[in-house]
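Notes follow once the structure below has been shown.
Every heavy atom of this structure was used, including side-chain atoms; hydrogens, water molecules and symmetry mates were not.
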Amino acid sequence: KKYLCVLAEKIGGFFSDAIITVSRADYLKAVKYRIAAKNKLRLIHNGIGAQAFASAASENFARRNELRARYGIGEGDLLIGSVGRLVYEKSYSTAITAFARFVQKRGRAVMLIAGEGYEREKLQALIKKLGLEGKVILPGEVADASEIYSILDIFFLSSVKEGLPYSLLEAGCFALPSVCADAGGIAELIRDGETGILAAAGSSESFYDALLKMAELKTEDRKKLGAALEARVKKEFSEDAMLERTERCYIDLVSKKGLI
């Protein structure tokens with residue numbers, strides 16, 4: 001399967017004038033597998049318009065208790081959550097398995113994963129097997145993801161495969177302390193101990209350790225990590241910068257073809 005994917009990408013690369021990669025990890029992978037000539041590859045990080053979330057964050061934080069009650073989250077519960085498709089690449093089974101140990105250690109905590117996908121039944125079976133019914137909530141797709149970010153105490157990503165996830169950029173806009181698996185371009189956003197905490201991808205034991213480390217920080221120290229992530233997103237992963245670099249890429253291409 002991997003060979004076929006690489007082959008398909010190489011065929012696409014041959015007929016392309018340029019290939020945009022959204023993370024350095026993807027760029028290096030494209031170089032490693034010789035997807036296309038190196039001079040065709042462009043690194044343009046995903047970017048986000050943080051200002052678009054400012055009003056939503058302010059409004060939803062004011063309704064925080066109301067929104068948490070909607071999902072049955074108690075006032076004293078530590079809410080750990082994520083937003084994403086319920087698919088293999090997100091490896092939510094890793095996070096849920098780690099959370100089972102976490103609850104035994106920490107007590108009052110709830111995990112919420114907003115999204116839908118083909119792994120729902122598998123995850124529900126795991127939740128039941130681990131005795132986490134009522135402790136791990138799968139509400140499905142939500143109309144307004146900003147409501148989820150607004151009620152979380154800790155954001156997480158347990159992925160085994162990623163580019164540069166928008167959910168992490170969005171979490172940064174909400175200054176959320178984040179625990180993430182070191183997959184794809186995630187480490188380009190999360191500097192361990194500076195803008196969040198990293199865990200080994202695919203390891204429930206490493207993810208448990210990272211969750212516990214984050215939870216045992218003082219509230220003000222968790223907030224510092226969230227604020228540092230927010231500052232990094234705004235400074236280095238802005239939508240304006242992404243659009244400017246993309247426009248420059250297209251102008252360069254059409255210029256070389258003598259079209260302008």
Side-chain angles (χ1 to χ4, degrees), residues 21-29 32 43 45-48 50 78-103 105-106 109-115 136 148-149 152-237:
T21 61
V22 300
S23 70
R24 180 160 295 279
D26 281 347
Y27 176 87
L28 294 175
K29 192 180 294 184
K32 177 183 177 181
L43 171 58
H45 283 120
N46 282 337
I48 194 165
L78 181 72
L79 182 57
I80 302 166
S82 191
V83 177
R85 297 170 297 129
L86 307 184
V87 295
Y88 164 79
E89 290 81 359
K90 298 298 182 183
S91 195
Y92 286 127
S93 57
T94 297
I96 292 170
T97 301
F99 186 68
R101 285 184 64 195
F102 181 85
V103 169
K105 176 78 174 179
R106 286 281 304 184
V110 177
M111 176 172 279
L112 187 151
I113 305 169
V136 177
I148 300 298
Y149 295 117
L152 297 181
D153 297 303
I154 297 171
F155 173 79
F156 80 86
L157 277 176
S158 50
S159 308
V160 291
K161 183 180 179 182
E162 280 289 359
L164 191 75
Y166 267 100
S167 60
L168 182 53
L169 292 172
E170 291 165 356
C173 291
F174 284 82
L176 284 171
S178 299
V179 173
C180 299
D182 187 359
I186 287 176
E188 293 165 49
L189 266 169
I190 299 296
R191 291 173 173 165
D192 192 36
E194 295 181 24
T195 58
I197 296 177
L198 286 173
S203 169
S204 60
E205 183 174 344
S206 179
F207 204 79
Y208 163 75
D209 289 339
L211 274 181
L212 190 62
K213 184 177 180 180
M214 179 67 84
E216 291 188 340
L217 290 175
K218 293 179 180 178
T219 301
E220 55 266 33
D221 290 331
R222 287 208 303 264
K223 286 182 176 179
K224 285 179 183 177
L225 288 177
L229 177 59
E230 179 185 26
R232 184 159 167 73
V233 167
K234 287 181 176 179
K235 181 180 179 181
E236 300 185 37
F237 298 88

Answer yes when E220 and K224 have at least one side-chain N-carboxylate O distance shorter than 4.0 Å, and no when they do not. no
Using salt bridge (charged side-chain N to carboxylate O under 4.0 Å, His left out) as the criterion, list what pairs up with D26, not counting sequence neighbours. none
Residue pairs passing the side chain to side chain donor-acceptor pair (under 3.5 Å) test where at least one lies in residues 185-200, sequence neighbours excluded: H45-E188
For S178 and G226, indicate whether the former's side chain and the latter's backbone hold a donor-acceptor pair under 3.5 Å. no
Neighbour count >12 (heavy atoms, 6.0 Å) for atom OH, Y166: yes
Any side-chain heavy atom of E162 within less than 4.5 Å of one from L168? no
Test your reading of the model: is there a side-chain donor-acceptor pair from D153 to the backbone of I80, 3.5 Å cut-off? no
Donor-acceptor contact below 3.5 Å, side chain R222 vs main chain A215: yes
Where L176 and L229 come nearest, the two heavy atoms and their spacing: O-CD2, 3.8 Å
Shortest non-hydrogen pair, S204 vs A98, comes out as O-CB, 3.3 Å
Is it the case that the side chain of S82 and the backbone of L157 share a donor-acceptor pair, with hydrogens and angles ignored and the cut-off at 3.5 Å? no
Any idea how F155 and Y149 line up, ring-wise: parallel (<30°), tilted (30 to 60°), or perpendicular (>60°)? tilted
Which pair of heavy atoms, one from C180 and one from I186, lies closest together, and at what distance? CB-CG2, 3.6 Å
Would you mind reporting whether F156 and M214 have side-chain heavy atoms less than 4.5 Å apart? no
Sorted by chain and residue number, the side chain to side chain donor-acceptor pair (under 3.5 Å) partners of E236 (sequence neighbours excluded) come out as R232
Please report the shortest heavy-atom distance between G185 and S23, naming the atom on each side. CA-CB, 3.8 Å
Where is the tightest heavy-atom contact between D182 and A187, given as atom of each residue plus distance? OD1-CB, 3.5 Å
Check the pair L164 / F237 against side-chain contact (heavy atoms from CB on, under 4.5 Å), numbers first and verdict last. CA-CA 10 Å; L164 191 75; F237 298 88; 3.7 Å; yes
Where is the tightest heavy-atom contact between A201 and S159, given as atom of each residue plus distance? CB-O, 3.9 Å
Given 3.5 Å as the limit, does a donor-acceptor pair link the side chain of S158 with the main chain of S91, or not? yes
